[in-house]
Amino acid sequence: MQKILVINGHPNPEASVAGKAVLNALESSRCEMQIRTLAQLCGPNGFDVTAEQEALRRADVIVWHFPFYWYSVPAILKKWIDDVLTRGFAHGAGGTALHGKKLLLSFTTGAAAQEYAKGRAMNWPVEAFLPPLLQTAYLCGMKTLAPVWSNGMIFIPGVHTEADRERILKQAEEHAARLLDEIKACAEN
Ligand SMILES: Cc1cc2nc3c(=O)[nH]c(=O)nc-3n(C[C@H](O)[C@H](O)[C@H](O)COP(=O)(O)O)c2cc1C
């Protein structure tokens, strides 16, 4: 049985609609996993790096779950990456703790899928923004699974409608199902 660790990189999990719905769907699946919510774990002195590294050591599959912010991860997840994936642990001499583990990027975007194209608002396909994260995994010896993302997931109360919320919740369930399929497929290979 693969041990799955989900790093929830939402800076404001209480206000999340899409990301929270994905996590709810994952939690109500029969798949066992640990979810670590960075906004709850980052105290005035930052993260407990030892605890974060121990959680990573125990995991076989690591999921970075986050809302897409400025074409990347939110600052709190970037801080976690900076602070936790240290030399000697995740890379550099003796830094083999993550070797062979699998990393899956799971994220939601505000913009609709058709905006991620040349000449449209985002001007590039979503995949064009992922190499720094994929390379981070590579340097740490992790194997990346196919990223799972959902577009058009922004919900602003008072701006978006109940119908929008319903669509987002449905897409979030499909997102969670794709994510679980991806993890199951890698367990079989
Ligand atoms: C600071 C900030 C930056 C954002 N940057 C992007 C972006 O680069 N591309 C995009 O499609 N959406 C962007 N969004 C929209 C979020 O990705 C979207 O609201 C989020 O995925 C919805 O998930 P949530 O309900 O879990 O917060 C941004 C939102 C914020 C607040």
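Every number for a ligand or one of its atoms is a count from 1 in the order of the listing. On a predicted model such as this, the values are computed, not experimentally measured, just so you know.
Under a 4.0 Å heavy-atom criterion, Tyr116 is in contact with ligand 1. Under the 4.0 angstrom criterion for non-hydrogen atoms, Phe68 is in contact with ligand 1.
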| task | Applying salt bridge (Lys or Arg N to Asp or Glu O under 4.0 Å), run through Glu166 and Lys170 and close with a yes or a no. | result | CA-CA 6 Å; Glu166 289 304 316; Lys170 186 166 175 294; over 6 Å; no
Extract all donor-acceptor atom pairs below 3.5 Å that involve side chains of residues 29-52 and protein atoms in other chains or at least two apart in sequence.
residue	atom	partner	partner atom	Å
Ser29	OG	Leu26	O	2.7
Ser29	OG	Cys31	N	3.2
Arg36	NE	Glu52	OE1	3.2
Arg36	NE	Glu52	OE2	3.4
Arg36	NH2	Glu52	OE2	2.8
Thr37	OG1	Asn8	ND2	3.4
Asp48	OD1	Thr50	N	3.3
Asp48	OD1	Ala51	N	3.1
Glu52	OE1	Trp80	NE1	3.0

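Nearest non-hydrogen protein atom to atom 21 (O) of ligand 1 is Thr108 OG1, 2.7 Å. For atom 8 (O) of ligand 1, the closest heavy atom belonging to the protein is Tyr71 N, 2.9 Å. In this structure, the protein non-hydrogen atom closest to atom 12 (N) of ligand 1 is Gly110 N, 3.0 Å. At the top of the distance list for atom 30 (C) of ligand 1, counting protein heavy atoms only, stands Tyr69 CE1, 3.5 Å.
Note that CD of Gln171 and CG of Asn151 are 8.0 Å apart. Values are rounded to the nearest 0.5 Å. Annotation: the span from Leu23 atom CG to Ser16 atom OG amounts to 7.0 Å, rounded to 0.5 Å. Note that CZ of Phe66 and CD1 of Ile76 are 14.0 Å apart. Values are rounded to the nearest 0.5 Å.
Between Met153 and ligand 1, no pair of N/O atoms sits closer than 3.5 Å. For ligand 1, the polar-atom distance check against Ala111 finds a nitrogen or oxygen pair separated by under 3.5 Å. Below 3.5 Å of separation, one finds no N or O of Ala15 facing any N or O of ligand 1. Considering backbone and side-chain N/O atoms, Ile154 never comes within less than 3.5 Å of an N/O atom of ligand 1.
A donor-acceptor distance shorter than 3.5 angstrom exists from the side chain of Thr161 to the backbone of Asp164, with no hydrogens or angles considered. Remark: side-chain polar atoms of Glu182 are paired, donor with acceptor, to backbone N or O of Ala146 under 3.5 angstrom.
The proximity of Phe129 to ligand 1, defined as any non-hydrogen pair under 4.0 Å, does not occur for either the backbone or the side chain. With a 4.0 Å heavy-atom cut-off, ligand 1 is reached by the side chain of His10 but not by its N, CA, C or O.
Interface atoms of ligand 1 facing Pro67, defined by a heavy-atom separation under 4.0 Å, are 20 (C), 21 (O). Each of the following atoms of ligand 1 lies closer than 4.0 Å to a heavy atom of Trp70: 3 (C), 4 (C), 5 (N), 6 (C), 7 (C), 8 (O). The contact set between ligand 1 and Gly19, taken as ligand atoms under 4.0 Å from a residue heavy atom, comprises 24 (P), 26 (O). When each atom of ligand 1 is checked for a heavy atom of Val17 under 4.0 Å away, the hits are 24 (P), 25 (O), 26 (O). Residue Ala18 has at least one heavy-atom neighbour below 4.0 Å for each of these atoms of ligand 1: 23 (O), 24 (P), 25 (O), 26 (O).
Judged purely by distance below 3.5 Å, without hydrogens or angles, the side chains of Ser106 and His175 pair a donor atom with an acceptor atom.
Between Glu54 and Arg57 there is a salt bridge, since a side-chain N of the basic residue sits under 4.0 Å from a carboxylate O of the acidic one.
Ring pair Tyr116/Tyr71 is perpendicular by interplanar angle, where above 60° counts as perpendicular and below 30° as parallel.
Shown here are the ring pair (Phe, Tyr, Trp, His ring centres under 6.0 Å) partners of Phe68, two or more places apart in sequence or in another chain: Phe107.
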